[in-house]
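Read the structure below first, then the notes.
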Amino acid sequence: MLSDAHCHYDEAGALAAIHRANHVPALVNCGDPAEWARNAAAIGPEQRLSFGVHPWQSDTLDPATLTKYYQAAPVIGEIGLDTVWTKVPLAQQLPVFEAQLAIAARLHKPVVLHTKGCEQEILPLLKRYPNQYFVHWYSALAYQADYLALGCYMSIGPDVVSDSAVRALARTVPANRLLLESDGVASLSWAWGHEVAPQDYAAGLHRCAALVAALRGTSQGWLQALAAHNLATFLQ
């Protein structure tokens, strides 16, 4: 059984077609109204949408103008802070992030988090807005225990093949909060340093699951069923 707790669709819809054809439970990210419209038209019954202003776009999108999308989305995200992959100043990111945490808390909707380089800064904000959180692609050694203590779900992505911090998390995240993600076909290519075609997506997810299962000393089939069950629980 495959599941994908966080992914992005390309405009051509190749991954969307794979998900529909193979009935893959997945949480599909939408970062703006155009992407929401495109993805909403592409998903099948096993896929759900998340919506949120990504920190990379926090200087161009205003959450106050996006109310209908937060209301329509079953999950808010991915949202967060980033000092690694963007030049948007943290001072601009912070109010957008906190506004969306407040929206999610008010609407009683779970949240997908992006935490690159800002793991410490995000923690006190999560305590200010108690909610159900899922931290996608966490790749820092620091503060893993702090996020787990808050009850966060944590996903393991394609860099489990090479990143010691991700491997450490794969071993320690509680079984009932462990998720698997691709972050999309482009992210598989980025993480592995070679082109991954859409037709190789399923094999890529199986590869990640096999590695996580080996790290945890369990079977791949059991681990994949567990991750799918946990995703369904998160989405309830």
Partner set under side chain to side chain contact (heavy atoms under 4.5 Å, CB included) for Asn131, not counting sequence neighbours: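 Applying side chain to side chain contact (heavy atoms under 4.5 Å, CB included) to Asn131 gives Ala104, Val111, Tyr133.
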For [X], check side-chain hydrogen bond (donor to acceptor under 3.5 Å, both in side chains) against everything at least two apart and list the hits.
| X | result |
| --- | --- |
| Tyr69 | none |
| Lys116 | Ser139 |
| Ser155 | Glu181 |

With a 3.5 Å cut-off and sequence neighbours excluded, list the donor-acceptor pairs that the side chains of residues 43-51 form with protein atoms.
from  : atom 1 : to    : atom 2 : distance (Å)
Glu46 : OE2    : His23 : ND1    : 2.9
Gln47 : OE1    : Gly44 : N      : 2.6
Gln47 : NE2    : His19 : O      : 3.4
Gln47 : NE2    : Val24 : O      : 2.8
Ser50 : OG     : Gly77 : O      : 3.1

Do [X] and [Y] land in one hydrophobic cluster if side-chain heavy atoms of ILVMFWY residues count as linked below 4.5 Å?
| X | Y | value |
| --- | --- | --- |
| Leu180 | Leu27 | no |
| Ile156 | Trp192 | yes |
| Ile79 | Ile122 | yes |
| Ile103 | Val96 | yes |

Please evaluate residues Thr67 and Gln71 with respect to the criterion side-chain contact (heavy atoms from CB on, under 4.5 Å), reporting the C-alpha separation (whole Å), side-chain torsions for both, the decisive distance (0.1 Å), and the verdict. CA-CA 6 Å; Thr67 300; Gln71 291 175 337; 3.6 Å; yes
Output the distance between atom [atom1] ([X]) and atom [atom2] ([Y]), rounded to the nearest 0.5 Å.
| X | Y | atom1 | atom2 | result |
| --- | --- | --- | --- | --- |
| Gln100 | Leu113 | CD | CG | 10.5 Å |
| His54 | His114 | NE2 | NE2 | 4.5 Å |
| Gln132 | Leu235 | CD | CG | 10.5 Å |
| Leu126 | Leu101 | CG | CG | 6.5 Å |
| Leu178 | Arg171 | CG | CZ | 13.5 Å |
| Arg167 | Leu141 | CZ | CG | 13.0 Å |

Please report, to 0.1 Å, the donor-acceptor pairs under 3.5 Å made by any side chain of residues 32-39, with sequence neighbours excluded.
from  : atom 1 : to    : atom 2 : distance (Å)
Asp32 : OD1    : Ala34 : N      : 3.1
Asp32 : OD1    : Glu35 : N      : 2.7
Glu35 : OE1    : Gly31 : N      : 2.7
Asn39 : ND2    : Asn29 : O      : 3.0

Please tabulate, for the side chains in residues 210-221, all donor-acceptor contacts under 3.5 angstrom to protein atoms that are two or more places apart in sequence or on a different chain.
from   : atom 1 : to     : atom 2 : distance (Å)
Arg216 : NH1    : Ala170 : O      : 2.8
Arg216 : NH1    : Val173 : O      : 2.9
Arg216 : NH2    : Val173 : O      : 3.1
Ser219 : OG     : Trp222 : N      : 3.1
Gln220 : NE2    : His206 : O      : 3.3
Gln220 : NE2    : His206 : ND1    : 3.3
Gln220 : NE2    : Gln224 : OE1    : 2.9

Under 3.5 Å: donor-acceptor pair, side chain of Ser182, backbone of Cys7: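 No: the side chain of Ser182 does not pair with the backbone of Cys7.
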Does the Lys127 side chain pair with the main chain of Leu150, one donor and one acceptor, at a distance under 3.5 Å? no
For residues 11-18, please give each side-chain donor-acceptor pair under 3.5 Å, one per line with the distance, not counting sequence neighbours.
none

Of all pairs that satisfy ring pair (Phe, Tyr, Trp, His ring centres under 6.0 Å), the ones with a partner from residues 147-171, not counting sequence neighbours: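 Sorted pair list: Tyr138-Tyr147, Tyr153-Phe234.
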Any side-chain heavy atom of [X] within less than 4.5 Å of one from [Y]?
| X | Y | answer |
| --- | --- | --- |
| Glu98 | Tyr129 | yes |
| Asp183 | His136 | yes |
| Val112 | Val75 | yes |

Only distances under 3.5 Å count here; give the side-chain donor-acceptor pairs of residues 55-66 to other protein atoms, sequence neighbours excluded, each with its distance to 0.1 Å.
from  : atom 1 : to    : atom 2 : distance (Å)
Trp56 : NE1    : Asp82 : OD2    : 2.9
Ser58 : OG     : Pro55 : O      : 2.7
Thr60 : OG1    : Gln57 : O      : 3.1
Asp62 : OD1    : Ala64 : N      : 3.0
Thr65 : OG1    : Asp62 : O      : 2.8

What donor-acceptor contacts under 3.5 angstrom involve side-chain atoms of residues 158-165, with partners at least two apart or in another chain?
from   : atom 1 : to     : atom 2 : distance (Å)
Asp159 : OD1    : Trp137 : NE1    : 3.1
Asp159 : OD2    : Trp137 : NE1    : 2.6
Asp163 : OD1    : Ala165 : N      : 2.8
Asp163 : OD1    : Val166 : N      : 3.4

Using the ring-ring contact (aromatic ring centres under 6.0 Å, His included) criterion, which residues pair with His8? Sequence neighbours excluded.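 Only His6 meet the ring-ring contact (aromatic ring centres under 6.0 Å, His included) criterion with His8.
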Between Tyr70 and Ile76, is a side-chain contact (heavy atoms from CB on, under 4.5 Å) present by the stated rule, with each step listed? CA-CA 7 Å; Tyr70 296 118; Ile76 306 302; 3.7 Å; yes
Test Glu121 against every option in Thr115, Leu81, Leu94 by the side-chain contact (heavy atoms from CB on, under 4.5 Å) rule and name the one that passes.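 Result: among Thr115, Leu81, Leu94, Leu81 is the only option passing the side-chain contact (heavy atoms from CB on, under 4.5 Å) with Glu121.
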